[in-house]
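Take a look at the structure set out below.
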Amino acid sequence: MLRSYLTLAWRVLSRRKFFTAISLFGICLTLVVLMVASAVLDHIFAPMVPEVRQDRTLGVFRARMTGDRRMWTSMPGYLLLDRYARNLPGVERMAIFSMPQSVYSYPGGQRVRSFLKRTDAEFWRVLDFRFVEGGPFTDQDVANGSMVAVINATTRDRFFAGEPAVGRTIEADGQRFRVVGVVPDVPILRLVSTGDIYAPLTTFKTAAYKNELMGGFGGLLLARSRDDFPAIKAEMETRLRHVPLPNGWKELVAPAESFFEMVAGNLVGGRDDERSHPERLWAVMASAAFLFALLPAVNLVNLNMSRIMERASEIGVRKAFGARARSLVGQFIVENLVLTMIGGALGFVLSWACLIGLNASGLIPYARFTMNFRIFAYGLGLAVFFGLLSGVYPAWRMSRLHPVAALKGAAR
Amino acid sequence: MSEMIALENVEKVYRTDRIETVALSDINLSVAPGEFVSIMGPSGCGKSTLLNVIGLLDAPTKGRVRLNGTPVESHSDATLAKTRNREVGFIFQTFHLIPDLAVVDNVEIPLLYRRMAGAERRRLALAALEKVGLWGRVHHFPSQLSGGQQQRVAIARAIVGSPRILLADEPTGNLDSQMGDDIMHILHGLKQESGTTIVMVTHDPRLAEQTQRIVRLFDGRQVH
């Protein structure tokens with residue numbers, strides 16, 4: 001019977017080309033948007049080199065200072081991280097890095113813009129960069145303020161035409177650095193680890209940053225295990241209560257949190273309980289995805305309902321010859337599933353093409369969007385969801401048609 | 001077994017918010033196994049309603065219906081569907097073939113709702129098509145056939161499951177007289193070869209005369 005349903009489904013779809021095209025367009029468009037969005041989210045949040053230890057990494061990415069009728073929100077300052085985020089209980093390693101700074105160089109007379117990030121030596125131990133040449137700068141380099149740098153592969157191409165770079169010198173922002181290592185490009189969406197040039201913190205032109213509570217730096221906390229997170233967060237909170245604040249400021253908040261928690265706090269957070277923000281962001285994203293997925297499904301329900309009368313004769317005939325409601329529901333669901341699976345397959349191909357196009361466009365520097373099995377499974381799940389959602393109700397309505405009414409309806 | 005179809009005091013009333021329409025009233029009908037009966041009467045007299053009640057497509061408002069000695073009033077929808085599938089074959093005036101299916105797939109429809117292997121279904125469908133003389137058109141679609149050929153496909157679909165009862169609602173109504181005669185010839189052949197009980201609605205006295213008995217209806221009542 002399934003074979004017969006599949007054959008009929010194929011024939012119905014190929015004969016009703018307009019209906020099929022409209023339905024496939026809706027399914028495809030939705031799948032492409034959802035799958036590209038999920039690929040981008042995957043690219044921002046999922047573990048990938050060099051951020052492979054996300055399961056036990058927290059960060060201090062944002063700080064908020066409040067006073068009477070004023071509020072200051074920024075990244076934390078070096079002083080805050082250096083004095084209050086070190087030696088937290090359960091933390092195995094702690095690294096400090098600066099926000100990438102846009103700098104200009106003029107290799108061969110060409111103006112080149114790069115992102116310069118300054119870090120300590122722990123940065124290379126907390127993260128897992130796979131060096132393609134040389135290695136990281138050392139604690140000694142940082143202590144001495146050595147003018148050394150790690151660069152990414154694109155910077156090597158720009159400055160040295162892809163030739164080995166270690167030992168050679170680059171100039172950026174009026175400073176000269178000796179290259180000690182080359183790492184693969186990290187997508188710009190990976191705000192923690194991305195950069196074109198990485199130099200020691202101590203190569204800043206002044207040391208004023210060391211006295212700032214607010215602005216320009218982030219901290220990475222590599223915990224022994226995820227179980228240590230609550231204690232780390234609580235201790236950070238406690239410590240910040242005792243920070244002597246500048247005049248007029250009353251409270252300083254700089255939570256130890258995952259990158260996702262930070263994004264959630266920025267996008268959907270208020271001044272309420274920080275712990276509720278990730279759940280809120282998940283709810284917002286899930287609702288958006290659900291509503292987006294619902295639109296073509298509702299469209300399909302409408303189209304299917306309008307086809308009831310068109311196919312009333314068939315329903316009447318099948319009932320007359322012994323079809324039970326269950327069989328008819330099964331038949332129409334199979335038809336919808338076939339349609340949605342075709343839409344799903346087309347959606348996958350189009351999503352894949354979109355991601356390749358996005359990678360090649362350079363719109364998001366160093367992006368490496370890929371279709372992975374997880375995203376494939378999301379897409380397949382969505383296609384089945386569409387099929388069931390848009391098929392069950394019309395199928396149920398069709399199956400309840402009275403056979404005589406169905407036959408008369410067709411004969412009119 | 002003396003009765004294949006038995007109707008006792010059958011009444012069928014259609015009710016809407018405002019009006020009540022009596023389609024059948026006090027119908028008592030008995031059809032013997034292998035009998036070929038025609039139902040005649042003016043338009044709107046309840047012929048098709050009577051056929052639908054006999055074929056278990058519609059339930060009477062009052063009265064009893066028995067098929068092959070079995071009362072059907074208490075049957076669930078699923079049991080009625082099974083009974084229709086096993087016992088009854090329908091032939092409609094407008095054929096009601098599914099345009100998206102090839103001839104042979106249309107004929108297979110009643111067998112889809114039985115536990116049967118695909119190869120066996122196909123064998124029986126081809127045999128039924130051979131019986132109605134359409135062996136050469138099995139992979140055509142209904143739109144590629146003439147009216148007479150389409151009605152022959154509909155007959156093949158009606159007989160493919162070897163039902164004991166064949167209900168034909170003006171089977172020649174949309175055909176010219178030559179094609180109508182061909183269809184009647186096939187129906188007579190079925191009765192002779194398989195002993196099928198046939199109830200046929202018709203407007204055509206010439207065709208009705210060819211059956212063993214004529215039941216006449218007027219305003220939903222039997223007239224004698």
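Protein chains get the first letters and strands the later ones, always in sequence-line order, with residue 1 at the start of each.
- In terms of heavy-atom proximity, A:Ala323 sits nearest to B:Tyr113 at CB-CZ, 3.4 Å.
- Heavy-atom contacts from other residues, nucleotides or ligands closer than 6.0 Å to CZ of B:Arg122 number more than 12.
- Atom OG of residue A:Ser313 and atom CZ of residue B:Phe92 lie 8.0 Å apart, to the nearest 0.5 angstrom.
- The shortest non-hydrogen separation linking A:Gly322 to B:Asn85 is CA-CB, 3.7 Å.
- Considering only heavy atoms from C-beta on, A:Arg318 comes within 4.5 Å of B:Leu112 through its side chain.
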- Task: Any chance you could lay out the side chain to side chain contact (heavy atoms under 4.5 Å, CB included) test for A:Arg324 and B:Asp77, step after step, and finish with the verdict?
- Result: CA-CA 8 Å; A:Arg324 293 165 64 174; B:Asp77 281 351; over 6 Å; no
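- The shortest distance between side-chain heavy atoms of A:Val317 and B:Arg157 falls below 4.5 Å.
- In the displayed structure, B:Arg114 atom CZ is contacted under 6.0 Å by more than 12 heavy atoms of other residues, nucleotides or ligands.
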- Query: How far apart are the C-alpha atoms of B:Asp58 and A:His402, what are their side-chain angles, what is the distance that settles it, and do they pass the side chain to side chain contact (heavy atoms under 4.5 Å, CB included) test?
  - Reply: CA-CA 8 Å; B:Asp58 218 348; A:His402 193 282; 3.5 Å; yes
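- Within a 6.0 Å sphere centred on NZ of B:Lys82, heavy atoms belonging to other residues, nucleotides or ligands number 12 at most.
- Heavy atoms closer than 4.5 Å to chain A are found in the side chain of B:Phe141, but not in its backbone.
- Most heavy-atom pairs under 4.5 Å with chain A: of the set B:Leu80, B:Ile98, B:Leu56, B:Asp105, this distinction falls to B:Ile98.
- Heavy atoms only, all atoms of each residue included: A:Phe321 and B:Gly89 are closest at CE2-CA, 4.2 Å.
- Around NZ of B:Lys12, the count of heavy atoms belonging to other residues, nucleotides or ligands within 6.0 Å exceeds 12.
- Within a 6.0 Å sphere centred on CZ of A:Phe25, other residues, nucleotides and ligands contribute 12 heavy atoms or fewer.
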